[in-house]
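Fair warning: this is a prediction, and the values are worked out from it, not measured in the lab.
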Amino acid sequence: MPEKLSKKKHLTSFQLIILGFAGVILLGTVLLMLPVSSSERVPTPFHEALFTATSAVCVTGLVVKDTGSYWSLAGQTMILALIQIGGLGVVTVAASVSLLSGKKISLMQRSTMQDAISAPKVGGIVRLTRFILKGTFLIETLGAVLLLPVFLSDYGVKGIWLSVFHSVSAFCNAGFDILGTTVHSFPSLTGYSGNMLLNMVIMLLIIIGGIGFLTWDDIYTNKRNFKRYRMQSKIILMTTACLILLPAVFFFICDLKNLSTGKRLLAAVFQSVTTRTAGFNTINISEMSEASKAVMILLMLIGGSPGSTAGGMKTTTFTVLILNAIATFRSQENAGSFGRRLEYHVIKNAATIAMLYFTLFFCGGIAISVYEGLPLLDCLYEAASAVGTVGLTLGITPRLHIFSQVVLIMLMYLGRVGGLTLIYAVFSGRNKKNARLPLEKITVG
């Protein structure tokens with residue numbers, strides 16, 4: 001008995017990840033509440049600062065105050081720092097500080113880093129972290145340089161800051177912009193709907209940030225030798241391509257008919273790319289058809305890929321469920337792809353994560369609709385945008401009451417830390433007994 005009492009309870013890596021995100025959000029909230037953070041030099045209310053900090057750290061992009069007009073340069077810099085930390089991951093940033101300071105990374109820290117970036121093994125995790133850091137800042141710098149011609153011509157010297165901010169925001173799939181407001185809304189990138197350079201750069205940054213760090217490593221290591229890629233990388237790349245192409249075709253055929261052919265094609269592709277956790281928009285989303293909004297809700301829930309800057313239930317989760325369904329249709333015992341079999345626990349995890357995200361999305365949307373008295377589709381759209389950490393909005397978020405804002409804050413947080421991380425953090429160490437119970441059949445379907 002004394003031995004049991006003397007044992008210290010250490011936090012698991014998943015609990016450290018969840019608490020790390022919460023800590024950064026609270027620190028960001030305090031900093032954004034300071035008068036120096038607002039352009040009018042007035043204190044920002046706690047709930048508005050909390051909403052903004054959560055949205056930044058969870059790389060979502062939903063806002064209650066326009067980033068470009070409400071926040072000062074200091075406030076925007078704080079938001080950008082929170083976006084960068086949230087995009088890379090709190091654990092990765094903490095490990096990076098240790099590496100730069102010359103400290104050795106303990107086994108516990110390596111294990112936590114492995115869970116944070118969804119690495120398959122602990123070995124080589126430090127090398128992978130260095131690779132992630134170098135790749136991130138190289139891509140963000142290149143993105144800022146490519147955006148310079150667009151913003152310099154429109155904003156002069158201020159264009160340098162705009163280029164840096166939007167490059168980091170796009171790569172981290174955050175969707176924050178600092179272009180200011182119009183009379184009725186936050187326009188995002190609608191003023192550049194026909195600008196080919198800006199559209200292409202932003203889309204590439206979103207895609208590169210959203211495919212995941214391990215996929216980068218595969219591409220860097222194996223180059224064009226697709227056969228040598230990990231099964232996960234193959235699934236991510238194929239799924240990402242399909243989730244960009246198919247919705248873009250749908251949007252082009254069924255919507256955006258008021259645009260010229262060239263702008264219509266560009267807008268269709270951009271909306272398809274940005275819907276999966278990025279949050280920028282080049283057209284007025286509220287004017288799209290309900291069918292397009294429904295497709296966008298599904299894309300927002302799917303999100304990006306594991307170990308990436310993006311949120312959502314992840315492309316691999318979606319594909320594993322599809323592969324399992326195909327195997328069932330074909331009366332095959334095992335689901336698989338690219339000549340490899342999927343483990344049973346992977347399919348079980350995918351079903352659990354999907355159920356978790358759909359439950360959060362549906363309950364959140366209904367709660368907001370009932371409390372605010374707003375149309376259910378609009379509220380479900382905002383809920384999907386929050387839990388998928390996307391940031392697209394139909395314009396209702398700034399008008400929501402504190403209760404509904406709290407609902408969105410919780411959805412953004414839970415959507416960013418990830419379904420499995422949340423489940424393991426809460427239930428780790430419980431119900432370890434795995435006794436085989438008597439079998440009894442049940443009919444489904």
task: Give the C-alpha distance, both sets of side-chain angles, the deciding distance and a yes or no for side-chain contact (heavy atoms from CB on, under 4.5 Å) between Leu138 and Thr141.
output: CA-CA 5 Å; Leu138 177 63; Thr141 301; 5.8 Å; no

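- At least one side-chain heavy atom of Phe251 sits under 4.5 Å from a side-chain heavy atom of Val295.
- Annotation: cation-pi geometry satisfied between Arg264 and Phe252 (NZ/CZ under 6.0 angstrom from ring centroid, within 45° of ring axis).
- Annotation for Ile322: atom CD1 counts as buried by contact number, over 12 foreign heavy atoms lying within 6.0 Å.
- In this structure, Lys223 places its NZ atom where more than 12 heavy-atom neighbours from other residues, nucleotides or ligands lie under 6.0 Å away.
- Residues meeting the side-chain contact (heavy atoms from CB on, under 4.5 Å) test with Val346, sequence neighbours left out: Val320, Glu343.
- Proximity of a side-chain donor or acceptor of Asn199 to a complementary backbone N or O of Asn195 within less than 3.5 Å is detected.
- The distance from the CG atom of Leu31 to the OG1 atom of Thr77 is 11.5 Å, given to the nearest 0.5 Å.
- Here salt bridge (charged side-chain N to carboxylate O under 4.0 Å, His left out) pairs that include residues 283-299, with residues two or more places apart or in two chains, number zero.
- Smallest separation of non-hydrogen atoms from Leu360 and Leu411: O-CD2, 3.5 Å.
- Formation of a donor-acceptor pair under 3.5 Å by the Asp255 side chain with backbone atoms of Ser289 is found in this model.
- For Gly365 against Cys379, the heavy-atom pair with the smallest separation is O-CB, 3.4 Å.
- Remark: Ala49 pairs with Thr29, Leu32, Met33, Thr44 by the side-chain contact (heavy atoms from CB on, under 4.5 Å) rule, at least two apart or across chains.
- Not one N or O on the side chain of Ser188 forms a donor-acceptor pair closer than 3.5 Å with the backbone of Thr190.
- Within the 4.5 Å cutoff, no side-chain heavy atoms of Arg416 are placed close to those of Met412.
- Within the model, atoms OH of Tyr357 and CE of Met313 stand 9.5 Å from one another, a figure rounded to the nearest 0.5 Å.
- In this structure the side chain of Trp216 reaches within 4.5 angstrom of the side chain of Ile139, judged on heavy atoms.
- Applying the ring pair (Phe, Tyr, Trp, His ring centres under 6.0 Å) test to every pair with at least one member in residues 143-164, sequence neighbours left out, gives these pairs: Phe151-His166, Phe151-Tyr192, Trp161-Phe165.
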task: Just do the side-chain contact (heavy atoms from CB on, under 4.5 Å) check on Ile368 and Leu408 with the steps written out, would you?
output: CA-CA 9 Å; Ile368 294 171; Leu408 291 180; 3.7 Å; yes

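- The side-chain contact (heavy atoms from CB on, under 4.5 Å) search around Phe362 returns Ile366, Leu380, not counting sequence neighbours.
- A donor-acceptor pair is defined here as one N or O able to donate and one able to accept, closer than 3.5 Å; no such pair exists between the side chain of Thr317 and the backbone of Ala350.
- Scored by the ring-ring contact (aromatic ring centres under 6.0 Å, His included) test, Phe46 finds no partners at all (sequence neighbours excluded).
- Using modelled atom types, one finds a donor on one side chain and an acceptor on the other under 3.5 Å when comparing Glu140 with Gln84.
- Partners of Ser72 under the side-chain hydrogen bond (donor to acceptor under 3.5 Å, both in side chains) rule, at least two apart in sequence or in another chain, do not exist in this structure.
- Minimum heavy-atom separation, Leu323 to Ser337: CD1-CB, 3.8 Å.
- For Ser305 against Gly212, the heavy-atom pair with the smallest separation is CB-N, 4.4 Å.
- Considering only heavy atoms from C-beta on, Phe51 comes within 4.5 Å of Thr397 through its side chain.
- Taken to the nearest 0.5 Å, the CG atom of Leu266 stands 9.5 Å off from the NZ atom of Lys263.
- The main-chain N or O of Gly312 is found under 3.5 Å from a side-chain atom of Lys314 such that the two form a donor-acceptor pair.
- Remark: Met231 CE is packed, more than 12 non-hydrogen atoms of other residues, nucleotides or ligands lying under 6.0 Å away.
- Not a single donor-acceptor pair under 3.5 Å links the side chain of Thr282 to the backbone N or O of Ala267.
- Remark: Met355 pairs with Thr359 by the side-chain contact (heavy atoms from CB on, under 4.5 Å) rule, at least two apart or across chains.
- Paired with Ser404 under the rule side-chain hydrogen bond (donor to acceptor under 3.5 Å, both in side chains), one option of Arg399, Glu382, Glu372 passes, and it is Glu372.
- Contact annotation: the side chain of Leu377 approaches that of Ile297 to within less than 4.5 Å [non-hydrogen atoms, C-beta and beyond].
- Using modelled atom types and a 3.5 Å distance limit, the side chains of Thr67 and Gln76 yield no donor-acceptor pair.
- Inter-residue side-chain proximity for Thr309 and Phe213 is flagged as met; some heavy-atom pair is nearer than 4.5 Å.
- Checked by atom type and distance alone, the side chain of Asn173 pairs as donor or acceptor with a backbone atom of Phe171 at under 3.5 Å.
- Using modelled atom types and a 3.5 Å distance limit, the side chains of Ser69 and Asp66 yield a donor-acceptor pair.
- Rounded to the nearest 0.5 angstrom, Leu392 CG and Ser286 OG are separated by 11.5 Å.
- No close placement of the Phe21 and Tyr413 rings is indicated, their centers lying 6.0 Å or farther apart.
- Closest approach of Ala268 and Ala248 over heavy atoms only: CB-O, 3.5 Å.
- Shown here are the side-chain hydrogen bond (donor to acceptor under 3.5 Å, both in side chains) partners of Thr316, two or more places apart in sequence or in another chain: there are none.
- Residues that satisfy the side-chain hydrogen bond (donor to acceptor under 3.5 Å, both in side chains) test with Ser163, not counting sequence neighbours, are absent from this structure.
- Considering every non-hydrogen atom in both Asn281 and Gln271, the closest pair reads CA-OE1, 3.5 Å.
- Between Trp71 and Ser37, some side-chain heavy-atom pair lies under the 4.5 Å cut-off.
- In this structure, the side chain of Thr277 does not engage the main chain of Ala310 through any donor-acceptor pair within 3.5 Å.
- Annotation: salt bridge (charged side-chain N to carboxylate O under 4.0 Å, His left out) contacts of Asp218 (sequence neighbours excluded): Arg230.
- Environment of NZ in Lys234: crowded, with over 12 heavy atoms of neighbouring residues, nucleotides or ligands closer than 6.0 Å.
- Not counting sequence neighbours, Tyr229 has no partner by the side-chain hydrogen bond (donor to acceptor under 3.5 Å, both in side chains) test.
- Counting heavy atoms from C-beta outward, Arg276 and Thr315 have side chains that approach closer than 4.5 Å.
- For the residue pair Thr52/Ser55, the side-chain donor-acceptor check at 3.5 Å is not satisfied.
- Of the possible donor and acceptor atoms, none in the side chain of Ser308 sits under 3.5 Å from a partner among the backbone N and O of Gly304.
- Judged purely by atom type and a 3.5 angstrom limit, Thr240 uses its side chain to pair as donor or acceptor with the backbone of Ile236.
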message: Phe280 vs Ser169, test: side-chain contact (heavy atoms from CB on, under 4.5 Å). Steps then yes/no.
response: CA-CA 9 Å; Phe280 292 108; Ser169 183; 3.5 Å; yes

